[in-house]
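By convention here, the first residue in the shown sequence is residue 1.
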Amino acid sequence: KNKPIKKETERYRFRKNEVAKIKSTLEKKCVICGLYGNDAAHLLPKSLFEEHYTDNRNIVIMCREHHNLYDNSLEFRQQQTELFKKACKISEKDARKYFRL
């Protein structure tokens with residue numbers, strides 16, 4: 001019974017490291033406001049679109065405030081037309097689903 005948990009943990013660690021590598025290459029500037037940001041945000045969230053989890057096009061830097069708004073407010077997310085366009089380059093179908101456009 002422990003093996004699946006161990007495999008899942010190794011997979012999680014690997015993916016977390018991949019995201020950290022991508023984050024380290026990005027400027028520490030929020031893509032929404034331009035101020036300092038250090039949150040690695042997924043344009044298409046890992047909870048809904050796991051297949052895009054480590055796609056470098058799917059990870060951007062946001063400040064904490066905008067990351068929270070982006071993740072939790074559909075109305076705010078729908079106002080982010082440039083981020084919608086970026087998400088469409090990953091998967092237009094998934095972007096339309098997440099932005100509900």
Side-chain angles (χ1 to χ4, degrees):
K1 285 189 173 185
N2 288 342
K3 284 191 178 185
I5 293 169
K6 186 178 178 188
K7 278 186 180 179
E8 195 63 30
T9 302
E10 288 169 7
R11 183 171 173 238
Y12 172 78
R13 259 193 235 123
F14 172 78
R15 292 172 58 167
K16 191 174 174 184
N17 285 339
E18 288 300 302
V19 170
K21 284 179 197 173
I22 295 165
K23 180 182 175 185
S24 74
T25 68
L26 300 173
E27 187 178 2
K28 303 297 183 238
K29 187 170 113 176
C30 178
V31 294
I32 294 173
C33 68
L35 298 176
Y36 174 80
N38 198 31
D39 283 13
H42 287 82
L43 296 176
L44 300 171
K46 57 192 178 218
S47 58
L48 298 173
F49 308 101
E50 190 176 339
E51 65 274 22
H52 306 303
Y53 186 80
T54 57
D55 184 328
N56 64 330
R57 300 170 300 168
N58 192 37
I59 299 167
V60 296
I61 297 295
M62 290 185 194
C63 64
R64 179 62 44 95
E65 179 183 356
H66 286 134
H67 191 180
N68 286 334
L69 281 168
Y70 182 83
D71 285 352
N72 299 305
S73 170
L74 177 61
E75 182 180 357
F76 179 81
R77 189 164 52 249
Q78 288 175 332
Q79 294 169 3
Q80 308 310 313
T81 54
E82 289 306 309
L83 297 183
F84 174 71
K85 289 177 191 174
K86 282 186 173 195
C88 282
K89 290 179 181 177
I90 301 161
S91 168
E92 186 171 345
K93 180 180 124 259
D94 292 344
R96 291 193 178 282
K97 182 177 177 183
Y98 188 55
F99 284 78
R100 295 193 191 151
L101 294 172

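Rounding to the nearest 0.5 angstrom, the gap separating the CG atom in L74 from the CD atom in Q79 is 10.0 Å. Once rounded to the nearest 0.5 Å, the distance linking CG of N72 with CZ of R77 reads 8.0 Å. A distance of 7.5 Å separates CD1 of I22 from CG of D55, quoted to the nearest 0.5 Å. Here the CG atom belonging to L48 is positioned 9.5 Å from the CD atom belonging to E51, to the nearest 0.5 angstrom. Rounding to the nearest 0.5 Å places CZ of R57 at 11.5 Å from SG of C88.
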Quiz item: Can you list the steps and then say if R96 with E92 is a salt bridge (charged side-chain N to carboxylate O under 4.0 Å, His left out)?
Solution: CA-CA 6 Å; R96 291 193 178 282; E92 186 171 345; 3.0 Å; yes
Self-check item: Derivation and outcome, salt bridge (charged side-chain N to carboxylate O under 4.0 Å, His left out), residues R15 and E18
Solution: CA-CA 5 Å; R15 292 172 58 167; E18 288 300 302; over 6 Å; no
Quiz item: Does the pair H42 and V19 meet the rule for a side-chain contact (heavy atoms from CB on, under 4.5 Å), with working shown?
Solution: CA-CA 10 Å; H42 287 82; V19 170; 4.1 Å; yes
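The shortest heavy-atom contact between C63 and C33 is SG-SG, 4.0 Å. Between A40 and K23, the closest heavy-atom pair is CB-CD, 3.8 Å. Residues L43 and L83 share a closest heavy-atom pair of CD2-CD2, 3.9 Å. The two residues G34 and K29 have their closest heavy-atom pair at O-CG, 3.0 Å.
Here the side chain of D39 pairs no donor or acceptor atom with the backbone of A41 at under 3.5 angstrom. Of the possible polar contacts, none joining the Y98 side chain to the F84 backbone as a donor-acceptor pair under 3.5 Å is found. Of the possible donor and acceptor atoms, one in the side chain of N58 sits under 3.5 Å from a partner among the backbone N and O of L44. For the pair K28 (side chain) and I61 (backbone), a donor-acceptor distance under 3.5 Å is absent.
Taking hydrophobic clusters as Ile, Leu, Val, Met, Phe, Trp and Tyr residues chained together by side-chain heavy-atom distances below 4.5 Å, Y70 does not share a cluster with Y36. Hydrophobic clustering of Ile, Leu, Val, Met, Phe, Trp and Tyr side chains at less than 4.5 Å, counting indirect connections, keeps I32 apart from I59. Placement of L101 and F76 within a single hydrophobic cluster is found when ILVMFWY residues are connected by side-chain heavy-atom separations under 4.5 Å, directly or transitively. In the hydrophobic clustering of this structure, F49 does not group with Y53; members are Ile, Leu, Val, Met, Phe, Trp, Tyr whose side-chain heavy atoms approach within less than 4.5 Å, directly or through other members. Transitive grouping of hydrophobic side chains (ILVMFWY, heavy atoms separated by less than 4.5 Å) brings V31 and I90 into a common cluster.
Salt bridge status for R11 with E50: present, with a side-chain N to carboxylate O gap under 4.0 Å.
Residues K85 and E82 are in side-chain contact: their nearest non-hydrogen atoms beyond the backbone lie under 4.5 Å apart.
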